[in-house]
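Here is the structure we will look at.
Lettering of chains follows the sequences in order, A, B, ..., and the numbering in each one begins at 1.
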4 protein chains.
Amino acid sequence: MPFPDLAARLAQVRLLVFDVDGVLTDGTITISGARRWSVTDGFGFLLARRGGLKTALCSGRNDPEIEARAERLRIDALRLGRMDKGAGVTELAAELGVTPAETLFVGDDLFDLPGLAAAGVAAVPADARPELRRRADWVLSAPGGRGAAREVIEAVLRARGDWERVLAEFTGGGDD
Amino acid sequence: MPFPDLAARLAQVRLLVFDVDGVLTDGTITISGARRWSVTDGFGFLLARRGGLKTALCSGRNDPEIEARAERLRIDALRLGRMDKGAGVTELAAELGVTPAETLFVGDDLFDLPGLAAAGVAAVPADARPELRRRADWVLSAPGGRGAAREVIEAVLRARGDWERVLAEFTGGGDD
Amino acid sequence: MPFPDLAARLAQVRLLVFDVDGVLTDGTITISGARRWSVTDGFGFLLARRGGLKTALCSGRNDPEIEARAERLRIDALRLGRMDKGAGVTELAAELGVTPAETLFVGDDLFDLPGLAAAGVAAVPADARPELRRRADWVLSAPGGRGAAREVIEAVLRARGDWERVLAEFTGGGDD
Amino acid sequence: MPFPDLAARLAQVRLLVFDVDGVLTDGTITISGARRWSVTDGFGFLLARRGGLKTALCSGRNDPEIEARAERLRIDALRLGRMDKGAGVTELAAELGVTPAETLFVGDDLFDLPGLAAAGVAAVPADARPELRRRADWVLSAPGGRGAAREVIEAVLRARGDWERVLAEFTGGGDD
C-alpha cells in the first residue's frame with residue numbers, strides 16, 4: 001500500500017459509505033435512470049456484512065432504482081437526494097452508532113469532496129476527478145463500477161483481521 | 001496544451017455547443033434510440049452554468065430522448081434535426097447573444113465539419129474521425145461519452161479564470 | 001495496407017455485404033435481442049450510398065430489430081435467417097446486379113466462412129475468430145461494432161477514387 | 001499451455017459447467033436483471049453440442065432470464081438458485097451420466113470455490129477474483145462475457161481431437 005499508515009487507519013473502519021454514480025457504477029446512465037450494476041461489487045456487500053461492517057449509500061440522486069439495489073444488497077442506511085455529503089456522512093455515522101473517524105467514504109466527483117473531508121478515511125476510484133484523487137487518503141486500483149467497492153471491502157476486512165474468517169466460509173479453510 | 005494560443009482563445013469563449021452522438025455519448029445506440037449518458041459530463045453542465053457559460057446542443061437527430069436529457073441538464077438552447085451545423089452554430093450564437101468567435105463547438109463526424117468551421121474554437125473528442133481531428137483547434141484527451149464534455153467545460157472555466165471560484169463552492173477554498 | 005494487391009481489389013468492389021452480430025455490433029445482446037448499434041458505422045452507410053456502393057446484410061438471425069436498423073440505414077437488400085452465407089452472398093450479388101468478384105463480405109465467426117469464400121474480397125473485424133482472420137484478405141483495424149463497417153466503406157470509396165467527391169459534400173472542398 | 005498436463009486432463013472432459021454472472025457475462029446487470037450475453041460464446045455452445053460435449057449452468061441466481069438464455073443455447077441441465085456449487089457440480093455430473101473427474105467447471109467468485117474443487121478441471125476467466133485464480137487449474141485468456149466460454153469449449157474439443165471434425169462442417173475441410 002503506497003499510502004502511509006493506511007492499513008492502520010483501515011483497521012479502525014466500521015462503516016463504509018459509498019456514493020453511487022461513478023463509484024458503484026461506471027457513471028453511465030440511460031434517460032430512464034437505468035444503471036449497470038456490478039455483481040462482483042454486490043457480492044462484496046455480503047462479505048462486508050459477514051465481516052461485521054456496516055454499509056451505507058449517500059447520493060445526490062433520489063431514485064427508486066438506487067433504493068431497489070440497496071434493498072437487494074441489504075445496505076444498512078441510505079441518504080438519497082442528499083447534496084451535502086459532509087452532513088450525509090456525519091448523519092449516517094450517528095445513525096449507525098460509529099464515529100466519523102470509524103467511517104470510510106468513497107466518492108468520485110466534486111459534490112463528494114465534503115464527504116471525503118468528513119470521513120476518517122477518504123477513498124476514490126481510479127478514475128475519480130483529479131481534485132478528488134488529490135485529496136484522497138487512498139486512490140483505488142479499480143475504477144468505478146468495475147470493482148472499486150469490492151476492493152475497499154476486502155482491504156478493510158484484511159486490515160481488521162476478519163478476512164480469513166470470512167473467506168473460510170467459502171473455502172473450508174484459510175487463504176493467505 | 002499542445003495547441004498554440006489555445007488558452008488565449010478559450011478565454012474568449014462564452015458559449016459551448018455540443019454535437020450529441022459520439023460527443024455526449026460513446027456513439028452507440030439501441031434500436032429505440034436509447035443512449036448511455038455520462039453522469040460526469042452531466043455534472044460538468046452544472047459547473048458551466050455556475051461559471052457563467054452558455055451551453056447548447058446541435059444534432060442531426062430530432063429525438064425526445066435528447067430533449068429530455070437537455071432539459072435535465074438545463075441546456076440553454078437546442079438545434080435538433082439540424083443537418084447544417086454551420087448554420088446551427090451561427091443561429092445558436094445569435095439566439096444566445098454571443099458572437100461566433102465566442103463560441104466553441106465539439107463534433108466528431110463529417111456532418112460536424114461546418115460547425116467546426118463556424119465556431120471560434122473547434123474541438124473534437126479523442127476518437128473523432130480523422131478528417132475532424134485534422135481540422136480541429138483542439139483534440140481532447142477524452143473520447144466521446146467518457147469525459148469529453150467535462151474536459152471542455154473545465155478548460156474553458158480555467159482559461160477564463162473562473163475555475164477556482166466554481167470549485168470553491170465545493171471545497172470551501174481554492175484548489176490549484 | 002499490409003495485404004498485397006488489396007487496394008486494386010477494393011477498387012473493383014461495388015457491393016458490401018455485412019454479417020450483423022460481431023460486425024455491426026460488439027457481439028453482445030440482451031435476452032430480448034437488443035443490440036448496441038454504432039452511429040459512426042451507421043453514418044458510413046450514408047457515405048456508401050452517396051459514393052454509389054450497394055450494401056446488404058446477411059445474418060443467421062431473423063430478427064425485427066435487424067430489419068428496423070436496415071430500414072433506417074437504407075440497406076439495399078437483406079438475407080436474414082440465412083445460415084448458408086456462401087449462398088447468401090451469391091444471391092445478394094445476383095439480386096443487386098453485381099458479380100461475386102465485385103462483392104466484399106465482412107464476417108467474424110465460423111458460419112461466415114462460406115461467405116468469405118464466396119466474395120471477391122473477404123474482410124474480418126480485428127476481433128474475429130482466428131479461423132476467420134487466417135482466411136481473410138483483409139483484417140480490419142477496428143473491432144466489430146466499433147468502426148469496422150466504417151473502415152470498410154471508406155477504404156472502398158478511396159480505392160475507387162470516390163472518397164474526395166463524397167467528402168467534398170461536407171467540406172466544400174477536397175481532403176487529402 | 002502454461003498449465004502442466006492440462007491438455008491431457010482436458011481430453012477427459014465430457015461435461016462443461018458454467019457459472020453465469022462474470023463468466024457468461026461481464027458481471028454487470030441492470031436492476032431488472034438484464035444482462036448482456038455474448039453471441040460468440042453462444043455459438044460456442046452449438047460447437048460443444050456438435051462435438052459431443054454436455055453443457056450445464058450452475059448459478060446462485062434463479063432467474064427467468066437465465067432459463068430463457070439456457071433454452072436458446074440448448075444447455076443440457078441447470079442448477080439455478082444453487083448456492084452450494086460443489087453439490088451442484090456433483091449433481092449435474094450424476095444427472096448427465098459423467099463422473100466428476102470428467103467435468104470442467106468455470107467460475108469467477110468465492111461462491112464458485114467449491115465448484116472448482118468438485119470438478120476434474122477448474123477453470124476461471126482472466127478477470128476472476130484472485131482467490132479463484134490461485135486455485136484454478138487453468139486461468140483463461142478471455143475475461144468473463146468476452147469469450148471465456150468459447151475459449152473453454154474450443155480447447156476441450158481440440159484436446160479430445162474433435163475440433164477438426166466440428167470445424168470441417170463450416171469449412172468443408174480441415175483447419176490446422
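Expressed to the nearest 0.5 Å, how far CG of B:D21 lies from CZ of C:F43 amounts to 12.0 Å. In this structure, the separation between CE on B:M83 and CZ on C:F170 is 8.0 Å, given to the nearest 0.5 Å. Taken to the nearest 0.5 Å, the CD1 atom of B:I31 stands 9.5 Å off from the CD atom of C:E71.
Only the backbone of B:A34 comes within contact range of chain C, judged by heavy atoms closer than 4.5 Å. Using a 4.5 Å cut-off between heavy atoms, B:R129 contacts chain C through its side chain alone, with no backbone atom that close.
Within 6.0 Å of the CZ atom in B:R72, the count of heavy atoms belonging to other residues, nucleotides or ligands does not exceed 12. Around the CZ atom of B:R74, the shell of radius 6.0 Å holds no more than 12 heavy atoms that belong to other residues, nucleotides or ligands.
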| task | Kindly determine whether C:L167 and B:E131 satisfy side chain to side chain contact (heavy atoms under 4.5 Å, CB included), including the steps that lead there. | result | CA-CA 9 Å; C:L167 188 63; B:E131 291 77 17; 4.0 Å; yes
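Residues B:D109 and C:R150 are paired through a salt bridge, judged by an N-O separation under 4.0 Å between the basic side chain and the carboxylate.
Side-chain contact check for B:F111 versus C:L46: some heavy-atom pair is nearer than 4.5 Å.
Among B:T30, B:L110, B:D112, the residue with the largest count of heavy-atom pairs under 4.5 Å with chain C is B:L110.
The only member of C:R146, C:R36, C:R35 that meets side chain to side chain contact (heavy atoms under 4.5 Å, CB included) when paired with B:T28 is C:R36.
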